[in-house]
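What follows is a single structure, written as structure tokens, with notes after it.
For reference, positions follow the sequence shown, starting with 1. Scope of the values below: all heavy atoms of this structure, side chains included, with no hydrogens, waters or symmetry mates.
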Amino acid sequence: CRRRQTVTRVKCLVRLSAVLMLLCAPGASSEDPARPDYIGRLFLEIGFVTESAAAAQRRLLSLINAGELGEALQLTTDLQRSIREDLSESAMRLGKVALNEALLAAETGDRERAFTAFEAGIGLISDSHGRFHPDLAEAYTARALLHLGRDNPTSIADLRRAQHIMHRYDGVFSADQVLPLRYLAVAHGANQQRYRADTDYRFMVKVSEVNHGADSLAHLPVLVEAASYFSRRGADIPAIPPHWRMPPGPEESLDHDAYRREPIFREARDLYDHAIGIVEQNHGADDLRIVPLLQGLAQLRVRQGIGLGSAEHALERALRIVRESPSTDPADLADAYIRLGDMYTVTSDRRAAESYLLAWDTLSGDTELEALRRQLFAHPTRLEVGLPPPASPDRMPDHAGPGDPLFVEVSYTVRADGRVEDVRVADSNLPFRWRSYVRTRMGATRYRPRVVEREPVATRGLSYRHHFTLRLPRSQRQPPSPAG
């Protein structure tokens, strides 16, 4: 992040945590399952026998590098036709060309063509070299990503096939399965099999530990990812009174989940502590790489609702590290002040205003920095305060029709100290109980206040519409589809 790069500076506030992988392990993959990299999975080197096929492959790579994916996709079809007519190329090479067609079709959004080509390519390689050939692992993983979010059980089945192939060739702890395990966790979560997603992340940590060593820097990205996952996971589980007994029901029921809330938070905390220890051991206690880990640990404490004092200490340490680093960018320093101010707001500490004003001053005196300052302080910003997941009605209100959205809309004021007051129901189609619930929940919410000319000020006339999801009785819920 350099002083004169506005776009980069704005991204700095997503920030050190987002670039931690690059700081600690430049080779680590950070592919987003929601935006798969199909192009990165193409077979670039195929040892064709004929010169015409080799020339077509070179042309294909040139088209891809030029961004001409439509023409490249057509070339894969022409190349397959040519190979079938020539009869001098093997089924393996033909299968790889078919898989390239599938990957390009997936990249361009032609799902039907992609599935057809995946089926053809996988079939050619399976029939000629067996169904456990190593190249099939990537093919199954790519096809699973195409199914993800639309047909999660099929996605899970393909990822399991990919994992099985890796186990056969590289052993149970094959390092190549880290990405499939990440996707498995996403698919299991989307398929309402959250405890299996937990298992996927635990096994991912074990795989990384076996391959890199428990205290290796190369192990750090997986540790941080798993810590972040379990922190979010714990926040999604409502707290229950400790005297409740374990009710009967399926393993992934909400009732069973609730008994895992504190152990999951404890697991996340242990992972963050381990990651911080690795950075301290390899780079020292004041290294900037520790900052996003301390921030993640503080966020975990807020979500857990306990240990807020230790969360404050973590952010105070993060601020000290950033402030004393000679390479600190003003945006990074302002971010550290703001995060600490937000924590003080959550804990009702009067030092919040001082932290916000220090951030304000840090972003002053430069046109681009002041644009960022306006973005941060022009409007109240809702903070995460560790509220439990919202409750849900279990029946439609009498005056609401089928398919009608269930909502409560309120108006409110954010005070200069970030607290919420004057919460009034403006509109709703739910009974008094749910209107009162939203008012109470809003009253417990905290905001980073608006700042005008170095002064935190109240903001009146704000509105918020809370949408509810109908919670069906367990007897009426659809069970998750089998993974196949």
Which heavy atom of [X] sits nearest to which heavy atom of [Y], and what is that distance?
X	Y	result
Q57	L44	NE2-O, 3.1 Å
A185	A197	O-CB, 3.4 Å
T141	A162	OG1-CB, 3.4 Å
T469	S392	O-CB, 2.9 Å
Y38	A142	CE2-O, 3.6 Å
P180	M166	CG-CE, 3.7 Å

Verdict with reasoning, S364 to R373, per side-chain hydrogen bond (donor to acceptor under 3.5 Å, both in side chains): CA-CA 8 Å; S364 299; R373 187 185 69 189; 2.6 Å; yes
Result of checking T362, L372, D366 against P330 for side-chain contact (heavy atoms from CB on, under 4.5 Å):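 The residue from T362, L372, D366 that satisfies side-chain contact (heavy atoms from CB on, under 4.5 Å) with P330 turns out to be T362.
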Positive for side-chain contact (heavy atoms from CB on, under 4.5 Å) with L103, one of L146, L42, T76, I39: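 Of all the options given, the one that passes is L42.
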Give, for atom [atom1] of [X] and atom [atom2] of [Y], the distance between the pair rounded to the nearest 0.5 Å.
X	Y	atom1	atom2	value
I125	D135	CD1	CG	5.5 Å
L220	H212	CG	NE2	11.0 Å
D170	D176	CG	CG	5.5 Å
S355	L319	OG	CG	7.0 Å
T381	F377	OG1	CZ	8.5 Å
L333	S325	CG	OG	10.0 Å

Is there a donor-acceptor pair closer than 3.5 Å between any side-chain N or O of [X] and the backbone N or O of [Y]?
X	Y	value
E101	T116	no
D332	T328	no
H283	I290	no
R41	D37	yes
E370	G365	yes

Counting neighbours of [atom1] on [X] that are heavy atoms of other residues, nucleotides or ligands and sit closer than 6.0 Å, is the number greater than 12?
X	atom1	value
E119	CD	no
R131	CZ	no
E324	CD	yes

NZ/NE/NH1/NH2 to OD/OE distance under 4.0 Å, [X] and [Y]:
X	Y	result
R454	D361	yes
R233	D236	no
R339	D335	yes

Are the side chains of [Y] and [X] in contact, using a 4.5 Å heavy-atom criterion?
X	Y	result
Y356	T345	yes
L136	S126	yes
M343	V302	yes
Y337	L357	no
L99	I122	yes
L104	I64	yes
N191	P153	yes
F43	V97	no

Y140 and R160: CA distance, side-chain angles, deciding distance, side chain to side chain contact (heavy atoms under 4.5 Å, CB included) verdict: CA-CA 9 Å; Y140 282 126; R160 288 298 189 203; over 6 Å; no
Test side chain to side chain contact (heavy atoms under 4.5 Å, CB included) applied to V205 and H219, step by step: CA-CA 8 Å; V205 171; H219 184 39; 4.1 Å; yes
Candidate pair I156 and Q193, rule side chain to side chain contact (heavy atoms under 4.5 Å, CB included), full reasoning: CA-CA 11 Å; I156 291 169; Q193 295 170 300; 3.8 Å; yes
Test log, rule side chain to side chain contact (heavy atoms under 4.5 Å, CB included), inputs T50 and E89: CA-CA 8 Å; T50 62; E89 300 290 356; 3.1 Å; yes
Side chain to side chain donor-acceptor pair (under 3.5 Å) partners of S231, counting only residues at least two apart: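 Only R303 meet the side chain to side chain donor-acceptor pair (under 3.5 Å) criterion with S231.
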Test side chain to side chain donor-acceptor pair (under 3.5 Å) applied to D273 - qualifying residues, sequence neighbours left out: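 If we apply the side chain to side chain donor-acceptor pair (under 3.5 Å) test to D273, skipping adjacent residues, there are no hits.
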Where at least one partner belongs to residues 49-74, residue pairs that pass salt bridge (charged side-chain N to carboxylate O under 4.0 Å, His left out), sequence neighbours excluded: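 Qualifying pairs, neighbours excluded: E51-R58, R59-E71.
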Distance-only polar pair, side chains of N152 and H188, donor-acceptor under 3.5 Å: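 No, H188 and N152 have no side-chain donor paired with an acceptor closer than 3.5 Å.
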Side-chain H-bond candidate by donor/acceptor type, T77 with R81, under 3.5 Å: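 T77 vs R81: no donor-acceptor pair found between side chains.
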F230 and Y201 aromatic ring geometry - parallel, tilted or perpendicular at 30°/60° bounds: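 Perpendicular: the ring planes of Y201 and F230 meet at over 60°.
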Geometric class of the H466/Y464 ring pair [parallel <30°, tilted 30-60°, perpendicular >60°]: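 The arrangement is perpendicular - the two ring planes meet at more than 60°.
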Ring pair (Phe, Tyr, Trp, His ring centres under 6.0 Å): pairs with one or both residues in residues 149-176, sequence neighbours excluded: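 Only F132-H164, F173-F203 qualify under ring pair (Phe, Tyr, Trp, His ring centres under 6.0 Å).
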Listed once per pair and sorted, the ring pair (Phe, Tyr, Trp, His ring centres under 6.0 Å) pairs that draw on residues 48-91, sequence neighbours left out: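 Checked against ring pair (Phe, Tyr, Trp, His ring centres under 6.0 Å) - neighbours excluded - no pair reaches residues 48-91.
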Any residue meeting side chain to side chain contact (heavy atoms under 4.5 Å, CB included) with T108, in chain and number order, not counting sequence neighbours: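 So T108 forms a side chain to side chain contact (heavy atoms under 4.5 Å, CB included) with L69, L73, D110.
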